[in-house]
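Some notes on the structure that comes next.
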Amino acid sequence: MDDIAERAAKALDNAENWPDDPKEAVARQRLLADRVRTEPLDPDSVRYVAGLDVSYGVGDRELAAAAVVLDARTLEVVDTSLIADTPSFPYISGLFGFRELPPVLRAIEGLSVSPDVFVSDGFGLAHPRRFGVASHLGVLIDAPVIGSAKSVLYGRNSMPGEERGSWKPMVAGRSELVEDTEPLAAQGAEVIGRVLRTRARTRPVYVSVGHRVDLAGSADLILRLSPKYRIPEPIRHADRLCGQYRKEHAADG
DNA sequence: GCGACAG
DNA sequence: ATCTTGTCGC
C-alpha cells in the first residue's frame with residue numbers, strides 16, 4: 001500500500017487540513033476545490049475497488065471507520081481495515097470531510113492491497129462548492145475516487161426509469177426534483193452527477209465525480225458493483241464492518 | 001430573512 | 001448516522 005498510505009499519513013499530519021472552525025473549513029474547501037480533476041475511467045481496467053464508510057456510537061463520542069477492498073470482477077473481499085476513533089469536527093451538511101476523513105484516512109493507511117479506485121458514501125462534484133467528501137478525499141491522497149450517495153444535497157435532478165441501469169443527469173442548482181433534467185443538460189447546463197437506478201423499482205443512488213475519474217465511467221462501475229442490491233457492494237461491506245464493530249463495543253470493551 | 005441540509 | 005418490530009413485496 002506504498003504511496004497511498006504515505007499520502008494519507010501526510011494529509012493527516014498537515015494541520016492546515018483540519019481547521020476546527022466551520023468558516024475556515026469552507027475557505028479550505030474553496031482552496032482545495034481547484035485541485036479536483038476529471039479523468040477518463042475505464043471500468044474494465046479496474047481490478048481492486050475500496051469501499052469506505054463510517055458509523056457512529058452514542059453521544060457523538062465514538063465512531064468506527066472501515067475500508068474494504070473488493071476484486072472488481074468477482075466482488076470478493078480481498079482486504080479489510082477497521083479503526084475506532086472520536087469525532088473531532090461537528091456534523092455540518094456540506095462539511096463532511098472534516099468530520100469523516102480523519103478516521104477514513106487512518107483506515108486507508110491500514111490496507112495492504114492498493115485499490116485502483118475508491119468509492120465514498122457521499123458526493124464529489126455534486127456539492128455547493130463542487131467539493132463533497134469524495135473530492136476532498138481524492139485531493140488529499142491524489143487518488144481516483146467516486147462519490148455514491150443515498151440522497152440529494154445539491155443540484156436539480158429527475159427520477160430515472162424504473163428498470164435497473166436507467167439514469168438521469170444532475171445539473172447545477174439548488175436541490176430540486178424536476179420533471180426531466182435531460183433537456184437542461186442538452187442545453188448546456190453544468191452536469192454535476194447522475195441519478196442512477198442500481199435496482200429495479202428501488203430508490204436510485206446519486207453518483208458524482210470525486211477525483212481523477214469521469215462521470216460515465218463512474219456510473220458504469222457503480223452499476224457493475226451493484227448487481228443485486230441498491231448500495232454498491234464495496235460500501236455495503238464497509239457499512240457492515242464498521243456497523244457491527246461499533247455494536248460489539250457499545251456494551252463492553 | 002427563511003428554508004434546505006450528504007453521513 | 002442512530003433509536004427500532006413487524007410487515008409488505010419480489
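Quick caveat: nothing in here was measured; it's all calculated off a predicted structure. Below, read A as the first sequence line, B as the second, and so on, with proteins coming before strands; counting in each chain starts at 1.
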Can you confirm whether the side chains of His211(A) and Asp142(A) place a donor and an acceptor under 3.5 Å from each other?
yes

Whole angstrom is fine here: how far is it from CG in Asp60(A) over to P in dG7(B)?
17 Å

Is a salt bridge present between Glu162(A) and Arg197(A), judged by a nitrogen-to-oxygen distance below 4.0 Å?
yes

Using a cut-off of 4.0 Å on non-hydrogen atoms, how would the nucleic acid contact of Gly57(A) be classed: base, sugar-phosphate, or nothing?
nothing

Counting the atoms with a prime plus P, OP1 and OP2 as sugar-phosphate, which does Ile235(A) contact under 4.0 Å by heavy atoms, base, sugar-phosphate, or nothing?
nothing

May I have the distance from Ile231(A) (atom CD1) to dG7(B) (atom C1'), rounded to whole angstrom?
12 Å

Quickly work out the Leu153(A) CG to dA1(C) P distance and round it to whole Å.
15 Å

Rounded to whole Å, please give me the gap between OH in Tyr56(A) and P in dA6(B).
13 Å

Using a cut-off of strictly less than 4.0 Å, decide whether Lys150(A) has a side-chain nitrogen or oxygen near OP1 or OP2 of dG7(B).
yes

Mark yes or no for whether Arg99(A), through its side chain, and Phe89(A), through its backbone, hold a donor-acceptor pair below 3.5 Å.
yes

Let me know the distance between CD of Glu176(A) and C1' of dA4(B), rounded to the nearest Å.
12 Å

Selected nucleotide, minimal atom distance to Arg201(A) side chain, candidates dT2(C), dG7(B), dC10(C)
dC10(C)

Mapping Arg199(A) and Asp239(A) onto DNA chain C by nearest heavy atom, which one lands closer to the 5' end?
Asp239(A)

Rounding to a whole Å, what distance do you find between Leu63(A):CG and dT2(C):P?
11 Å

For the pair made of CG in Leu101(A) and P in dG7(B), what is the distance, rounded to whole Å?
15 Å

Could you check if a side-chain atom of Cys242(A) sits within less than 4.5 angstrom of a side-chain atom of Leu82(A), using non-hydrogen atoms only?
yes

When you measure from the side chain of Val133(A), which nucleotide among dC5(B), dG7(B), dA6(B) comes out closest?
dA6(B)

Do Arg236(A) and Tyr229(A) meet the cation-pi criteria used here (NZ or CZ under 6.0 Å from the six-membered ring centre, within 45° of the axis)?
yes

Quickly work out the Phe123(A) CZ to dG7(B) P distance and round it to whole Å.
7 Å

Less than 4.0 angstrom between a side-chain N/O of Ser93(A) and OP1 or OP2 of dA6(B), yes or no?
yes

Respond yes when some side-chain nitrogen or oxygen of Tyr91(A) is under 4.0 Å from OP1 or OP2 of dC5(B), and no when none is.
no

